[in-house]
Q: 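Before I ask anything, let me first share the structure, which is written out below as structure tokens.
Position 1 is the first residue of the sequence, and the numbers go up from there. These numbers were taken from a predicted model, which means no experiment stands behind them.
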Amino acid sequence: MKILGIIPARYASTRFPAKALVDIHGKSMVQRVYEQAKKCASLSEVVVATDDARIFSHVEAFGGKVMMTSKMHQSGTDRCAEVAAALPEFDVVINIQGDEPFINPEQIAKVAALFTDVKTALATLVKKIETEEELQNTNTPKVVLNNFSEAIYFSRSVIPHIRGREIQNWLQHQTFYKHIGIYGYRSAVLHQITKLPVSTLEKAESLEQLRWIENGYRIKVAETNIETLAVDTPQDLENILKKHPKID
């Protein structure tokens, strides 16, 4: 099984323009993500997928593999599909978020391992929620799983609702999971889901994976205990640099 890691990296991020090129202790964000992904032995190849000549030239300069993709894509999944169509020799594609400069290669390997089951079409990661603040944060999508480790639903709201108890005590009575935004797709399935129209649930929650569920696709889930540090805003970057004052 040949697995392709793709790092979508666009320039025009709404909350943090050009964040792919921001310096993090002497290396750009996209270079740090790329180097972490390359450490994952499960991946046969790693490619940055961008829509901007500046990112393209930068990746080439540090020796990475990069492909130019359309500026019209609405999501990283769409960008991955364009790259996958140009590289049909790969069986599985893993979409690695371009704003997690310290992503642990073990997390990528966990997603890749789910595809040893031939029935796995789509895959992602979850982590147990440990604080009330995280539980109630609408920027942290929550996930409900079935007994087969498949995602039933994703929501920005707290799910499930614990009836008859104060929300401050919910973590004592139920295990809640948050979504870790790394996706795996069988190549054929990736091309199918990008042709689906935007769904009502996706519009409501602004979560593209709901489109797949609403159309009957199953998303296999692995649990990780490793925290991810995503950079959505300049403040996020400041916070991360405080946690990582010295890195290679």
Side-chain angles (χ1 to χ4, degrees), residues 1-11 13 15-16 18-52 54-67 69 75-77 79-80 83-84 87 90 92-115 123-127 140 178-185 190 221-248:
M1 184 169 57
K2 295 187 67 175
I3 302 179
L4 174 64
I6 302 179
I7 304 167
R10 64 191 186 97
Y11 191 87
S13 172
R15 288 185 287 180
F16 195 169
K19 69 178 178 179
L21 299 178
V22 70
D23 182 83
I24 301 176
H25 296 312
K27 294 181 180 179
S28 68
M29 172 129 51
V30 68
Q31 182 174 356
R32 292 203 173 276
V33 177
Y34 185 89
E35 291 178 352
Q36 288 300 100
K38 290 289 286 184
K39 294 175 185 177
C40 179
S42 302
L43 300 180
S44 306
E45 186 59 271
V46 178
V47 176
V48 175
T50 189
D51 62 354
D52 189 88
R54 288 160 288 192
I55 296 174
F56 187 96
S57 298
H58 173 70
V59 175
E60 283 196 322
F62 70 69
K65 293 195 174 183
V66 59
M67 290 183 63
T69 56
S75 69
T77 297
R79 203 170 300 283
C80 286
V83 173
L87 301 171
F90 292 94
V92 170
V93 170
I94 296 184
N95 178 350
I96 301 162
Q97 300 297 308
D99 59 3
E100 295 180 4
F102 307 112
I103 185 170
N104 193 311
E106 292 180 19
Q107 292 183 305
I108 302 172
K110 269 186 174 287
V111 175
L114 292 173
F115 288 93
T124 194
L125 290 182
V126 299
K127 184 181 182 297
T140 301
K178 67 176 179 178
H179 182 222
I180 303 298
I182 180 173
Y183 296 110
Y185 331 80
L190 173 58
V221 171
E223 182 180 346
T224 179
N225 59 7
I226 300 171
E227 192 61 74
T228 56
L229 298 170
V231 179
D232 290 322
T233 66
Q235 184 61 50
D236 290 337
L237 180 59
E238 287 184 26
N239 294 337
I240 284 175
L241 292 178
K242 289 177 184 177
K243 295 179 180 179
H244 294 269
K246 292 182 180 180
I247 53 177
D248 295 332

Q: Can you list everything that forms a side chain to side chain contact (heavy atoms under 4.5 Å, CB included) with Thr233? Sequence neighbours excluded, please.
A: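 If we apply the side chain to side chain contact (heavy atoms under 4.5 Å, CB included) test to Thr233, skipping adjacent residues, the hits are Arg15, Gln235, Asp236.
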Q: Which heavy atom of Asn225 sits nearest a heavy atom of Lys127, and at what distance?
A: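 Residues Asn225 and Lys127, closest heavy atoms: O-CE, 3.6 Å.
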Q: Of all residues at least two apart in sequence or in a different chain, which pass the side chain to side chain contact (heavy atoms under 4.5 Å, CB included) check with Ala84?
A: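 Residues passing side chain to side chain contact (heavy atoms under 4.5 Å, CB included) with Ala84: Val93, Leu190, His191.
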Q: How close do Tyr183 and Val111 get, counting heavy atoms only, and between which atoms?
A: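 Smallest heavy-atom distance, with atoms named: C-CG1, 4.3 Å.
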Q: Filter on salt bridge (Lys or Arg N to Asp or Glu O under 4.0 Å), then keep only pairs touching residues 92-104, sequence neighbours left out; what's left?
A: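 For residues 92-104: Lys19-Asp99.
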Q: Per the side-chain contact (heavy atoms from CB on, under 4.5 Å) rule, which among Val66, Val48, Thr69 passes with Phe56?
A: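 That would be Val66.
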Q: Using the salt bridge (Lys or Arg N to Asp or Glu O under 4.0 Å) criterion, which residues pair with Lys2? Sequence neighbours excluded.
A: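 Lys2 satisfies salt bridge (Lys or Arg N to Asp or Glu O under 4.0 Å) with no other residue.
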Q: Sequence neighbours left out, what passes side chain to side chain donor-acceptor pair (under 3.5 Å) with Gln36? Give chain and number order.
A: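 Gln36 satisfies side chain to side chain donor-acceptor pair (under 3.5 Å) with Lys39 once adjacent residues are dropped.
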Q: Roughly how far, to the nearest 0.5 Å, is OG of Ser44 from CG of Leu87?
A: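 Answer for the CG-OG pair, Leu87 versus Ser44, is 11.5 Å.
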Q: Quick one: pull up CD1 in Ile94 and CG in Leu4 and give me the separation to the nearest 0.5 Å.
A: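 The CD1 atom of Ile94 sits 9.0 Å away from the CG atom of Leu4.
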Q: Please find the pair of heavy atoms, one from Ala20 and one from Ser28, that lie closest to each other, and give the distance.
A: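 Between these two residues, the closest heavy atoms are O-CB, 3.8 Å.
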Q: List in chain and number order the residues that pass salt bridge (Lys or Arg N to Asp or Glu O under 4.0 Å) with Glu223, two or more places apart in sequence or in another chain; answer none if no residue qualifies.
A: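 Listed in chain order: nothing, the list is empty.
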Q: Suppose we screen for side chain to side chain contact (heavy atoms under 4.5 Å, CB included). Which residues come up paired with Glu106, at least two apart in sequence or across chains?
A: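 Side chain to side chain contact (heavy atoms under 4.5 Å, CB included) list for Glu106, sorted by chain: Asn104, Ile226.
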Q: Not counting sequence neighbours, which residues clear side chain to side chain donor-acceptor pair (under 3.5 Å) with Asp52? List them please.
A: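 Here the qualifying residues are Arg54.
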Q: Just to verify, what does Tyr34 make a ring-ring contact (aromatic ring centres under 6.0 Å, His included) with, not counting sequence neighbours?
A: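 Tyr34 satisfies ring-ring contact (aromatic ring centres under 6.0 Å, His included) with Phe62 once adjacent residues are dropped.
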Q: Rounded to the nearest 0.5 Å, what separation is found between the CD1 atom of Ile6 and the OH atom of Tyr185?
A: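 Reported value, rounded in 0.5 Å steps: 8.0 Å.
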Q: Compare every heavy atom of Ala49 with every heavy atom of Val83, then report the nearest pair and how far apart it is.
A: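 Heavy atoms of Val83 and Ala49 come nearest at CG2-CB, 3.6 Å.
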Q: Going by the rule side chain to side chain donor-acceptor pair (under 3.5 Å), which residues pair with Gln31 if we only count those two or more places apart in sequence or in a different chain?
A: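 Checked Gln31 against side chain to side chain donor-acceptor pair (under 3.5 Å); matches are Glu35.
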Q: Kindly indicate, with the supporting measurements, whether the criterion side-chain contact (heavy atoms from CB on, under 4.5 Å) is fulfilled by Asp51 and Arg79.
A: CA-CA 9 Å; Asp51 62 354; Arg79 203 170 300 283; 3.5 Å; yes
Q: Run the side-chain contact (heavy atoms from CB on, under 4.5 Å) test on Val231 and Val22 for me, step by step, so that the C-alpha distance in whole Å, both residues' side-chain angles and the decisive distance to 0.1 Å come before the verdict.
A: CA-CA 10 Å; Val231 179; Val22 70; 5.8 Å; no
Q: Going by the rule side chain to side chain donor-acceptor pair (under 3.5 Å), which residues pair with Thr50 if we only count those two or more places apart in sequence or in a different chain?
A: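 Counting only residues at least two positions away or on another chain, Thr50 forms no side chain to side chain donor-acceptor pair (under 3.5 Å).
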Q: Starting at NZ of Lys38, measure out to NZ of Lys65 and round the result to the nearest 0.5 Å.
A: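 Taking NZ in Lys38 and NZ in Lys65, the distance rounds to 6.5 Å.
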Q: Are the side chains of His25 and Leu241 in touch, meaning some heavy atoms are under 4.5 Å apart?
A: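 Yes. Closest side-chain heavy atoms under 4.5 Å.
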Q: Using every non-hydrogen atom in the two residues, find where Leu114 and Ala123 come nearest and quote the distance to one decimal.
A: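 It is CD1-CB, 3.6 Å.
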Q: Determine whether Gln97 and Ile103 make a side-chain contact, defined as any pair of heavy atoms from C-beta on separated by less than 4.5 Å.
A: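 Not touching, per the 4.5 Å side-chain cut-off.
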Q: Return the set of residues passing side chain to side chain contact (heavy atoms under 4.5 Å, CB included) with Ala37 (not counting sequence neighbours), or none when no residue passes.
A: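 Listed in chain order: Ile7, Leu43, Val46, Ile96, Ile108.
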Q: Say you draw a straight line from OG1 of Thr228 to CG of Leu125; how long is it, rounded to the nearest 0.5 Å?
A: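 Output value for this atom pair is 9.0 Å.
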